[in-house]
Amino acid sequence: MEEKWKHASTGCLRRWVANVAFGTLLAISLQSGTKLFAQVIQVEHQVPAPFTNRGAIQHKVDDLLKVMTTEEKIGQLNQVFFFAPSSSIDERIRKGELGSILFTTDPAQINRMQRIAVNESPHHIPLLIGFDVVHGLRTIFPVPIAMAASWDPSVEENAQRIAASEARAVGVDWTFAPMVDIARDARWGRIVEGAGEDPFLGSAMARAQVRGFQGEHLDAPDHLIACVKHFAGYGAAEGGRDYDDANVSDAQMWNVYLAPFHAAVDAGVQTVMSAYVDLNDVPATGNHWLLHDVLRDTWGFKGFVVSDADAVKGLKVHGFTRDLPDAALRAFDAGVNMEMAVGSTAYSTGIIEAVRAGQIPGRALDDAVRPILETKAAMGLFEHPFVEESRVESITRDPAHLEAARIAAEKSSVLLRNEGGLLPLRAEAYKRIAVIGAFAESRADLLGSWSLGANPSDTVTIAEGIRRKLGSGISVETAPGVQLERKFPSPFDMLSKAPKDPKWSDAQAKEEFERAIKTANSADLVVVTLGELQSMSGEAASVSSLQLAGNQEELLEAAVATGKPVVLVLINGRPLDIRWALEHSPAILEAWFPGTQGGPAIANLLFGGATPGGKLPFTWPRDAGQEPLYYAHNTTHSPATQSKRYWNQESTPLLPFGYGLSYAKFSISNLRIDKAEIKKDEMVKVSADVENLSDVSGDEVAQLYIHQQSGSASRPVRELKGFERIRLKPHEKKTVQFSVGKDELSYWASSIHNWVLDSAIFDAWVGEDSTASLHGTFTVAP
Ligand code: BGC
């Protein structure tokens, strides 16, 4: 805990110092012009530089910039998709017209293209090879929302370290992750890709991922560079509709949406991806305030910015720029170094026009190219551009990776209900088990979105996991019962490796449903698997309703009606409408998209080989009509009627943020606050005792929430400001302690357009979720 907290604390402290410094300097600079720039540079030096031997790297890059032509420099600013070998891509590499390629994980193709770059291009500059290594390359870990549900950054860090080693083994040296967009509306499909609704939890997960991907130094051969995305505000897309615009106040930007990005920058992330979103009428990819004032001037970011795919072209689509060359110029001026292009030619044609017209001075071009070349040099790509193809199999098929993936899936699952202690199941009590629902035997769906580098046949299904766990004496029968489909196909379907089953006729659908219920009837335990297909969650996968797709709920109802014990396992990337299930299904395990080892993990969890200990990283709504819904809303005009905002149903969540059960039972008591009053530069320590009251071991996540009673702005009813996942043996008791100081207590206040730490009375709660009742107060003195 101490160590983890220290990370959080120093990051926040640095941010605070930098922002306060910047705020003060802004005032000075308004009177004295250029002073600001010199001072801001000083602030920048506080950001860690993960380069070994920065001086030599800078020399090398300066030398290159002296000899490169304008066209070659512009080439470094271009990245294109590779779907199949193409002579036109080869030719562009040969001429030095491409700095980066994305979307292949084929080591032979990567080596082939690197050979052209290194041996045949004018200055022998290697390519950066990018890919969305979001939650694993070949070994797929649980999706990011699940990893956040572990509330254990060390699990996330380890997963991304393994993902990095597999990616680097095939020649991928740049991942487009972590995705740190705060999502407070579950209709938005991309909620699955991030850490949920909370900036504090999101920041901890962001830091862990950057550390896992990048390691200590950029030249480590088994690490790659990370790219924090999508900068910024994309998660606030109106109506949860992917790609729609976002209108976010400056206080919400600073306090909520920007926080995890800042954490990633503080952790040394080397690249940033600009978002598709039109943010407050200024599209993020042409947004000078975001990409320059915030990212570089305020936070001191030293790496480079890549656009999202065709987002530069999107500036014209948004009606923000006149034409494509104008889009290139404005994205460049805003701070986008590299264009990721699917079909766009904005940078490849527009930048040269702007240089010739004198709109981009040579120096500005060099400044845009420099961090890209520095990154390549810092990674050692000039010396080691190739991969050893013979080592790929042993690295990507390492059994230790599978073991880590299973543990991560166990740690990220959340127990939502366990009526009468049905779970863990006693294997000896059952002879015949029915596993029904669309996910009983599915492989690709267990992997979730962004698992394009995986081989779905590696996945161990839920039914296989149970069979392996229980051995041959117990029969495990399966039947899908339902067939799910999207109303509008996903644009990603063409890339998916999921088998495309023929659509069932109406008669077949009826027959399959009945077969599943017959299977359930002849068993003495029914495991029902419900949720979302891989393509129902992720990019371009928003929904207007959170209801279970197809006739899944009917399947559950029919299974419960058999009178057999029913365990519901959810496979999904967002909260779904499970109101009926929560009342009628005695046990519910939220398994998310659990990855390659989903089956063994779920079997272990159901049969007591592992104890669920995850907690929800979002507020679980009753239905979509409540969205956006999040716990950290402000205190409203009528708190007493907070649960009755609608006349037709309760307005409280179905399940609160931070919620999750265990097979063990815990109590949290004895809150201590070491000082009744602190000065603004002091820390207060909040501690409590966590006790396991049961006869089984288990994990509890102790959570600290605070609330500021008055101040320069109205503040959320509660905000998470500390957490620790601890393991407790039967009847063991441990003390958790959280330190709270200016990093946790200061915030951006709209009233003064700056960061502030008010003197005020603060409430503090420690407990098992965001409804914790163990309470104390402390005061920050003037
Ligand atoms: C997504 C990004 C992704 C990129 C490259 C875009 O459509 O928004 O998150 O990194 O594609 O695959």
Side-chain angles (χ1 to χ4, degrees), residues 1-4 141-142 146-159 400 402-430 465-466 468-470 567 569 586-592 594 597-617 658-670 687-704 722-738 766-769 772 774:
M1 170 63 198
E2 276 309 316
E3 197 44 40
K4 177 166 62 186
F141 287 79
M147 295 301 265
S150 74
W151 289 61
D152 188 341
S154 70
V155 175
E156 178 69 294
E157 183 173 341
N158 190 42
L402 294 175
E403 170 83 356
R406 179 184 55 73
I407 293 170
E410 289 168 2
K411 289 234 177 197
S412 59
S413 70
V414 184
L415 184 63
L416 301 181
R417 191 174 191 228
N418 195 15
E419 206 51 33
L422 176 61
L423 297 178
L425 301 162
R426 286 180 304 114
E428 62 282 6
Y430 307 102
I466 295 176
R468 284 187 196 176
K469 173 94 191 154
L470 302 184
V567 176
V569 175
I588 307 179
L589 184 72
E590 172 55 85
W592 315 104
Q597 286 288 296
I602 290 168
N604 262 348
L605 289 157
L606 296 185
F607 288 92
T611 301
K615 301 275 185 169
L616 295 177
Y659 175 84
L661 304 171
S662 165
Y663 301 152
K665 192 170 166 10
F666 303 100
S667 90
I668 303 186
S669 62
N670 194 16
S687 45
D689 299 334
V690 187
E691 187 174 0
N692 183 349
L693 304 175
S694 70
D695 296 330
V696 291
S697 297
D699 290 8
E700 176 58 295
V701 182
Q703 302 164 35
L704 167 76
F723 63 88
E724 188 183 358
R725 180 169 175 153
I726 49 173
R727 168 143 284 248
L728 289 170
K729 296 196 196 90
H731 304 283
E732 192 183 2
K733 190 174 180 173
K734 280 184 187 165
T735 296
V736 288
Q737 188 181 81
F738 305 100
V766 176
E768 299 179 34
D769 62 43
L774 191 63

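Side chains are part of it too, since the values below use all heavy atoms of this structure and drop only hydrogens, waters and symmetry mates.
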Does the side chain of [Y] come within less than 4.5 Å of [X]'s, by heavy atoms?
X      : Y      : value
Val701 : Asp769 : no
Val690 : Ile726 : yes
Ser697 : Arg727 : yes
Asp152 : Glu156 : no
Phe607 : Ile466 : yes
Leu425 : Val567 : yes

Could you grab the distance from atom [atom1] of [X] to atom [atom2] of [Y], nearest 0.5 Å is fine?
X      : Y      : atom1 : atom2 : value
Leu774 : Leu704 : CG    : CG    : 10.5 Å
Arg417 : Leu661 : CZ    : CG    : 10.5 Å
Leu416 : Leu616 : CG    : CG    : 6.0 Å
Lys733 : Leu693 : NZ    : CG    : 9.5 Å

Exercise. Side chains of Asn604 and Glu410: donor-acceptor distance under 3.5 Å anywhere?
Worked result: yes
Discussion item. Pairing donors with acceptors under 3.5 angstrom, does anything connect the side chains of Ser669 and Asp689?
Written reply: no
Grab the two heavy atoms, one from [X] and one from [Y], that are nearest each other, plus how far apart they are.
X      : Y      : result
Pro153 : Phe723 : CD-CE1, 4.0 Å
Ala409 : Ala601 : CB-CB, 3.5 Å
Ser412 : Trp592 : O-NE1, 2.8 Å

By side chain to side chain contact (heavy atoms under 4.5 Å, CB included), Leu402 pairs with (sequence neighbours left out) Thr139, Thr596, Gln597
| task | May I ask you to say whether Lys665 pairs ionically with Glu691, meaning some side-chain N is under 4.0 Å from a carboxylate O? | result | no
Checking the side chain of [X] only, and the main-chain atoms of [Y] only, is there a donor and an acceptor separated by less than 3.5 Å?
X      : Y      : answer
Glu732 : Lys734 : no
Asn418 : Ala587 : no
Trp151 : Glu724 : no
Asn692 : Leu728 : yes
Tyr663 : Leu423 : no
Lys729 : Asp695 : no
Arg725 : Lys411 : yes

Applied to residues 603-612, the salt bridge (charged side-chain N to carboxylate O under 4.0 Å, His left out) test, sequence neighbours excluded, yields none
From the list Leu606, Leu605, Val414, side-chain contact (heavy atoms from CB on, under 4.5 Å) partner of Pro612 resolves to Leu605
Residues passing the salt bridge (charged side-chain N to carboxylate O under 4.0 Å, His left out) test with Glu768, sequence neighbours excluded, are none
| said: Run the side-chain contact (heavy atoms from CB on, under 4.5 Å) test on Val155 and Phe141 for me, step by step, so that the C-alpha distance in whole Å, both residues' side-chain angles and the decisive distance to 0.1 Å come before the verdict. | reply: CA-CA 10 Å; Val155 175; Phe141 287 79; over 6 Å; no
